[in-house]
Amino acid sequence: MERIKIKKLLASDSEMGRVTVKGWVRTRRDSKGFSFMELNDGSCLGNIQIIADNTLPNYADALSITTGSAISVTGKLIPSPGKGQKWEIHADSVEIVGQAPEDYPLQKKRHSDEFLRKIAHLRSRTNKYGAMFRIRSEMSWAIHNFYREKGFRYLHTPIITGSDCEGAGEMFRVTVLDPVASGKTGKADYAGDFFGQEANLTVSGQLSAEMFALALGDVYTFGPTFRAENSNTSRHVAEFWMVEPEMAFCDLQGNMDHGEELLKYLVTHALEFCSEDMNLFTSFVDKGLQKVLNTLLNETYERINYEDAVDLLLKSGREFEYKVEKGMDLQSEHERFLAEEYFKKPLFLMNYPRGIKPFYMRLNDDGRTVAAVDLLVPRIGEIIGGSQREERLEMLEKRMEEMNLPRENYWWYLDSRRFGSVPHSGFGMGFERLLMLITGVTNIRDVIPFPRTPGSIDF
RNA sequence: UCCCCAGUAGCUCAGUCGGCAGAGCAAGUGGCUGUUAACCACUGGGUCCGCGGUUCAAAUCCGUGCUGGGGAGCCA
């Protein structure tokens, strides 16, 4: 008989004569004459209650079913006389598909996130992580929906790259050379390597995306990104997913409009299409989450120049551990003060000093600042980082010279400024940080299936 | 990478001044009940993170390493 998803059964508005469900048992409770089981199949947060009478031919088997076991049940969907659930299945047959022995690590009680991280291969069988990864899936679709509706083209930029996108951040090397052998000679033989030159995992698809924005108009990438920084924080992983829109004929204001629209769309989508799972997070993970989500949805995001933000911090009278200094990048505590205490809502910080930003950001008319923009949100900090790109060939070349970037490595990038260059803008949004924001989960390792961090690549 | 904290039963944790290794939950067995983080009783379960040191005696004090957590830097 064809399997039916529990999500569908729980949403039913009438009895069903004969259905088959398959899933994993969360808990079993016995009576003398019958046994109750809570069955979950991952289709939704809720379980369906199974009742098995001792008149079943294999009732002894049913009594051996343990937490974590996989079973297949056929029976009638009937209104439950007990409290706590609308429907239950009165079983005509219960078949054990896969028994889980007593050392099954998940108990029918709350486990710590730290413990569940050590059994990341099983944690998605818990309520919280099941909900998390359903939301993660739904948010991925929402991103594609958003861009498709807006006429953006989905672009697949390379994972392996020869270019060092921003000259910032440590990169993972990609090689077929034997590290032991190359250690003997004392230096790497790139000419003998697969690509004949140094190759790395991408830290951003931006430069490639710019080329396609200048052809297809509006494009976006959404894929894995790699940073080999030795960052040990709750907001960093070595492999993460990033959304990077790139828009032709778009200035900094348009860039911010787009970021705000995207974020609001995604929050709306989560609340509309993941309401049951979202409810778990607003109720149990973070009591203040609903308020944060309301703010994200209903407030107009602040837009403030870097220099004005620095003035504001200096005048705040607030004692910071690190002094606020003009020309320096803001510290985490400064960003948090602005987003969480001063404005109490998301804010775009724009027009940073040129000295602390990469070469491709457009130089403003004041000559001191560039058209950079970061979106800061409460708790997470920076969730979006972007800029209007420098579209003027001479200015771009000058900036590259200042930063000692070899022009020949970027010949193709510079070509885009020689042939029909136009103002354009874009940004990167960390997908995991988005998930943290909308679920209230505070550790990035808990929003990605198998996190990769320094010294840790299990699973 | 730096600063701080932690590591004791399957899980969460207590363990006082250095003096016999503990609780709750889970698991196993039995009982009871349209049950629902069921309930009641009994039972089993330990490399006190590893290594070294101090001491008559170390879970406890000292050193060191490993692992995890929080914060910082870097960033998304």
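Given the structure is predicted, the values throughout are model-derived calculations rather than measurements. Naming: A, B, ... by sequence-line order, numbering from 1 per chain.
Applying the side chain to side chain donor-acceptor pair (under 3.5 Å) rule to pairs touching residues 339-353 of chain A yields A:Asn305-A:Asn351, A:Arg318-A:Glu341, A:Arg336-A:Glu340, A:Asn351-A:Asn364, A:Tyr352-A:Asp374, sequence neighbours excluded.
Nucleic acid contact for A:Tyr322: sugar-phosphate only, since backbone atoms but no base atoms lie under 4.0 Å from a heavy atom of the residue. Residue A:Val377 is classed as having no contact, given no heavy-atom separation below 4.0 Å to the nucleic acid. Residue-level contact check: A:Ile51 touches the bases, meaning some heavy atom is under 4.0 Å from a base atom. Residue A:Glu114 is classed as a sugar-phosphate contact, given heavy-atom separations below 4.0 Å to backbone atoms only. When heavy atoms are screened at a 4.0 angstrom cut-off, A:Lys32 is found touching base atoms of the nucleic acid.
Atom CD1 in A:Ile457 sits about 17 Å away from atom C1' in B:U67, given to the nearest Å. For the pair A:Arg445 CZ and B:G68 P, the computed distance is 8 Å after rounding to whole Å. Here B:C11 presents its C1' atom at 14 Å from CG of A:Leu122, a figure rounded to the nearest Å. Distance CG (A:Asn230) to C1' (B:C75): 14 Å, rounded to an integer number of Å. Atom CD in A:Glu335 sits roughly 10 Å away from atom P in B:A72 (whole-Å rounding).
Picking from B:C11, B:G68, B:A76 the nucleotide with the shortest atom distance to the side chain of A:Ser456 gives B:G68. When each of B:A72, B:G69, B:U12 is scored by its nearest atom to the side-chain atoms of A:Gln331, the top-ranked nucleotide is B:A72. Residue A:Glu102 has its side chain nearest to B:G28 when only B:G28, B:U12, B:C75 are considered. Of all nucleotides listed (B:A72, B:C11, B:C75), B:C11 comes nearest to the side chain of A:His111.
When ring centroids are compared, A:His144 and A:Phe146 stay outside the 6.0 Å threshold.
How far NE2 of A:His424 is from SG of A:Cys250: 10.0 Å, rounded to the nearest 0.5 Å. Remark: A:Ser124 OG to A:Phe133 CZ distance equals 7.0 Å, nearest 0.5 Å.
Partner assigned to B:A72 is B:U1, using Watson-Crick or G-U wobble distances below 3.5 angstrom. For B:A27, the paired base is B:U43 (Watson-Crick or G-U wobble, both distances below 3.5 Å). Using the Watson-Crick or G-U wobble rule with both distances under 3.5 Å, B:G22 pairs with B:C13. Across all strands shown, B:A37 remains unpaired; no Watson-Crick or G-U wobble contact has both distances below 3.5 Å. B:U67: Watson-Crick or G-U partner is B:A6, with both key distances under 3.5 Å. The nucleotide B:C61 finds its pairing partner in B:G53, both defining distances of the Watson-Crick or G-U wobble pair being shorter than 3.5 Å.
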Just list the side-chain donor-acceptor pairs under 3.5 Å for residues 251-258 of chain A, sequence neighbours left out, or say none.
{"unit_1": "A:Asp251", "atom_1": "OD1", "unit_2": "A:Gln253", "atom_2": "N", "d": "3.2"}
{"unit_1": "A:Asp251", "atom_1": "OD1", "unit_2": "A:Gly254", "atom_2": "N", "d": "2.9"}
{"unit_1": "A:Gln253", "atom_1": "OE1", "unit_2": "A:Arg303", "atom_2": "NH1", "d": "3.0"}
{"unit_1": "A:Asn255", "atom_1": "ND2", "unit_2": "A:Ser387", "atom_2": "O", "d": "3.3"}
{"unit_1": "A:Asn255", "atom_1": "ND2", "unit_2": "A:Gly426", "atom_2": "O", "d": "3.1"}
{"unit_1": "A:Asp257", "atom_1": "OD1", "unit_2": "A:Arg303", "atom_2": "NH1", "d": "3.0"}
{"unit_1": "A:Asp257", "atom_1": "OD1", "unit_2": "A:Arg303", "atom_2": "NH2", "d": "2.7"}
{"unit_1": "A:His258", "atom_1": "NE2", "unit_2": "A:Tyr147", "atom_2": "OH", "d": "2.9"}

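Under the ring pair (Phe, Tyr, Trp, His ring centres under 6.0 Å) criterion, A:His334 pairs with A:Phe320, not counting sequence neighbours. Legend: residues meeting salt bridge (Lys or Arg N to Asp or Glu O under 4.0 Å) with A:Lys7, ordered by chain and number and at least two apart, are absent. For A:His121, the ring pair (Phe, Tyr, Trp, His ring centres under 6.0 Å) criterion is met by A:Phe459, not counting sequence neighbours.
Of the residues near RNA chain B, A:Ser112 and A:Thr233, the one whose nearest nucleotide (by heavy atom distance) lies more toward the 5' end is A:Ser112. Heavy-atom distances to RNA chain B give each of A:Asp374 and A:Pro454 a nearest nucleotide, and the one nearer the 5′ end belongs to A:Pro454.
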* Do nucleotides 35-51 of chain B as a string where each nucleotide becomes B, S or -: B if the base has a protein heavy atom under 4.0 Å, S if just the sugar-phosphate does, - if no protein is that close. => BBBB-------------

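Nucleotides B:U35 and B:A21 are separated by 44 Å at their P atoms, to the nearest Å. Remark: the separation of the C1' atoms in B:G28 and B:G45 is 10 Å, to the nearest Å. Rounded to a whole angstrom, the distance from the P atom of B:G44 to that of B:C49 is 24 Å. Here the separation of B:G73 from B:C11, taken at their C1' atoms, is 35 Å to the nearest Å. Comparing the P positions of B:A59 and B:G69 gives an interatomic distance of 28 Å, to the nearest angstrom. B:U55 and B:G68 have their P atoms separated by 35 Å, with the value rounded to a whole Å. The C1' atoms of B:C66 and B:C51 are separated by 10 Å, rounded to the nearest whole Å. On the C1' atoms, B:C61 is 15 Å away from B:C48, given to the nearest whole Å.
One cannot find a donor-acceptor pair under 3.5 Å joining the base of B:C75 and the side-chain atoms of A:Ser231.
In this model, the phosphate group of B:G71 is not approached by any side-chain N or O of A:Asn232 to a distance below 4.0 Å at OP1 or OP2. Here A:Ser234 reaches the OP1 or OP2 of B:G71: one of its side-chain N or O atoms lies under 4.0 Å away. Look at A:Arg117 and you'll find a side-chain N or O under 4.0 angstrom from OP1 or OP2 of B:G69. Between A:Arg235 and B:C74, a side-chain N or O to OP1/OP2 separation shorter than 4.0 Å is absent. Proximity of A:Ser332 to the phosphate of B:G73: a side-chain N or O atom is located under 4.0 Å from OP1 or OP2.
Judged purely by atom type and a 3.5 angstrom limit, A:Arg452 uses its side chain to pair as donor or acceptor with the backbone of A:Asp458.
Cation-pi geometry between A:Lys264 and A:Tyr301 is met: under 6.0 angstrom from the ring centre, within 45 degrees of the axis.
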